[in-house]
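Structure, as structure tokens:
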Amino acid sequence: MKRKSLGFYLRIYCKILAQDLKSKMSYRADFIISTIGMIFTNIAGFVSFWILFRNFPSINGWSYYEMQFLYGFSLVSLTPVQCFFDNNWSLRMYVYSGDFVKYCFRPINLFFYFQSEVFDIKGLGQLAFGIGTLAYSWSRLGLDFTPLMVLKMIVFLITASLIMIALQNAAAATCFWIQNSFYVLDLVTRFKDYAKYPITIFSPVFRFIFTFVMPIAFIAYYPSIVILRPDEVPLLSWLSPLIGVLFFWISYKFWMKGAMQYSGTGS
């Protein structure tokens, strides 16, 4: 089969996205209620964060506004996985019902087709909230706002997003082999809450786990430290773009391996 160009996939994605948004907007009350719920969820999370840390001048060398920066950074970096990869939550249902087979006979990349079918527009509310939190903490910390800093921010936000996308892809794909795969996906998703905190506040055991086993430290801590503390950037921070791309590629291959076995066996 002839390999499709990037322009081809962009055109297809725009068409699929338009149809998905039309279907969502046909149920406006549900859309509005869901969006409001997402906004209040983020507000509640921020209030809990504020109550927990506002009365402490610092925690293990991290100031309140640095902690707030990490919080906003994690919200922004988690937005792509919510907006563009939300269909991973439905993967196990398609696999168990047999409906997943419909994705196996289209002349386009199977992973792209499945993921592009759903766009969770509610994630844009989280994005706005995260950007606002980042901007406020940025100003309070007195960080420079230069083209180089903006470029670093964009690169390392993409890096952080790739890590979470990879974790979710791999967890969701376990449904091709594990019947109760929901618990794997749910566990990985719950771990992301720890990404809002610097790993230096955890014990050495958890630092190792959050770096090398469940690498959520790459969702906020390692990427954002390049912006927050440019004079003390660890090697893992500079390597995080490479690690993000590598993890995403591995998760994609793992996802596709399960999908190809599914289509091959007709399960």
Side-chain angles (χ1 to χ4, degrees), residues 6 9-10 13 17 69-89 91 109-120 122-124 126-127 129-131 133-134 149-174 184-199 207-228 233-259:
L6 177 61
Y9 280 106
L10 287 175
Y13 183 77
L17 176 61
F69 185 95
L70 282 176
Y71 185 88
F73 193 99
S74 68
L75 288 181
V76 175
S77 63
L78 291 171
T79 297
V81 74
Q82 180 173 348
C83 287
F84 299 105
F85 295 86
D86 196 58
N87 213 23
N88 269 327
W89 286 96
L91 179 61
N109 181 275
L110 193 158
F111 179 79
F112 166 82
Y113 180 39
F114 180 80
Q115 301 294 355
S116 64
E117 200 171 48
V118 172
F119 179 85
D120 188 1
K122 300 189 301 297
L124 298 180
Q126 175 176 292
L127 175 64
F129 195 86
I131 290 175
T133 303
L134 267 180
M149 287 288 276
V150 173
L151 179 61
K152 285 182 179 179
M153 176 66 81
I154 293 173
V155 169
F156 285 97
L157 277 171
I158 294 173
T159 292
S161 297
L162 288 174
I163 295 294
M164 188 60 211
I165 292 168
L167 289 173
Q168 191 186 86
N169 284 342
T174 59
V184 179
L185 182 56
D186 185 58
L187 178 64
V188 168
T189 304
R190 290 179 184 277
F191 263 105
K192 80 178 188 303
D193 292 333
Y194 294 100
K196 302 169 184 176
Y197 312 111
I199 63 168
R207 291 181 199 177
F208 179 84
I209 292 172
F210 292 158
T211 300
F212 300 106
V213 180
M214 185 69 68
I216 59 170
F218 289 94
I219 296 175
Y221 174 75
Y222 283 118
S224 65
I225 207 170
V226 174
I227 308 297
L228 286 175
V233 181
L235 178 61
L236 286 174
S237 292
W238 295 121
L239 291 176
S240 56
L242 176 62
I243 293 171
V245 172
L246 178 63
F247 266 64
F248 177 81
W249 181 80
I250 292 173
S251 74
Y252 167 75
K253 289 295 186 180
F254 181 69
W255 197 101
M256 288 295 292
K257 178 177 176 61

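- Evaluation of the side chain to side chain contact (heavy atoms under 4.5 Å, CB included) rule for Leu187 yields Phe191 as partners, not counting sequence neighbours.
- In this structure, CD1 in Ile216 is found 11.0 Å from NZ in Lys196, a value given to the nearest 0.5 Å.
- Tyr197 meets the ring-ring contact (aromatic ring centres under 6.0 Å, His included) test with Phe53; sequence neighbours excluded.
- Minimum interatomic distance between Ala217 and Ile199 (heavy atoms only, all atoms of both residues): CB-CG2, 3.4 Å.
- Remark: Tyr252 pairs with Asn109 by the side-chain hydrogen bond (donor to acceptor under 3.5 Å, both in side chains) rule, at least two apart or across chains.
- Nearest heavy-atom pair, Pro215 versus Ile163, reported as atom, atom and distance to 0.1 Å: O-CG2, 3.5 Å.
- The side chain to side chain contact (heavy atoms under 4.5 Å, CB included) test applied to Val184 returns Ala171, Thr174, not counting sequence neighbours.
- Nearest heavy atom pair, residue Met214 against residue Leu167, reads SD-CD2, 4.0 Å.
- Residues Val118 and Trp89 are not in side-chain contact: their nearest non-hydrogen atoms beyond the backbone lie 4.5 Å or more apart.
- Under the rule for a side chain to side chain contact (heavy atoms under 4.5 Å, CB included), the partners of Ser224 that lie at least two apart in sequence or sit in another chain are Phe69, Leu70, Phe73, Leu228.
- Using a 4.5 Å heavy-atom threshold, the side chains of Phe218 and Thr159 count as separate.
- Ring orientation note: the planes of Tyr9 and Phe112 are nearly perpendicular, at an angle over 60° on the 30°/60° scale.
- Looking at Ser116, its side chain does come within 3.5 Å of a backbone N or O of Tyr113 through a donor-acceptor pair.
- Residues that satisfy the side chain to side chain contact (heavy atoms under 4.5 Å, CB included) test with Thr133, not counting sequence neighbours, are Phe46, Gln68, Tyr71, Phe129.
- From Leu10, atom CG reaches atom CG of Leu17 across 11.5 Å, with rounding to the nearest 0.5 Å.
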Worksheet item: Does the side-chain contact (heavy atoms from CB on, under 4.5 Å) test come out yes or no for Leu157 and Met153, once each step is laid out?
Response: CA-CA 6 Å; Leu157 277 171; Met153 176 66 81; 3.7 Å; yes
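- In this structure, Ser161 contributes its side chain and Ser77 its backbone to a donor-acceptor pair below 3.5 Å.
- For Tyr13, there are no ring-ring contact (aromatic ring centres under 6.0 Å, His included) partners at least two apart in sequence or on another chain.
- Between Asn169 and Gln115 the shortest side-chain heavy-atom distance falls below 4.5 Å.
- Contact record, Ile165 with Pro80: CD1-CB, 4.3 Å, taken as the closest heavy-atom pair.
- Formation of a donor-acceptor pair under 3.5 Å by the Asn87 side chain with backbone atoms of Phe114 is found in this model.
- Taking each heavy atom of Gln168 and Phe85 in turn, the nearest pair found is OE1-O, 2.8 Å.
- In this structure, the side-chain hydrogen bond (donor to acceptor under 3.5 Å, both in side chains) partners of Asp186, at least two apart in sequence or on a different chain, are Arg190.
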Review item, side-chain donor-acceptor pairs of residues 234-249, under 3.5 Å, at least two apart:
residue: Ser237; atom: OG; partner: Tyr222; partner atom: O; Å: 2.7
residue: Ser240; atom: OG; partner: Ser237; partner atom: O; Å: 2.5

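- To the nearest 0.5 angstrom, Gln82 atom CD is 5.0 Å from Asp120 atom CG.
- Here the OG atom belonging to Ser74 is positioned 9.5 Å from the NZ atom belonging to Lys192, to the nearest 0.5 angstrom.
- The minimum heavy-atom distance linking Leu110 with Ala259 is given by the pair CD2-CB, 3.9 Å.
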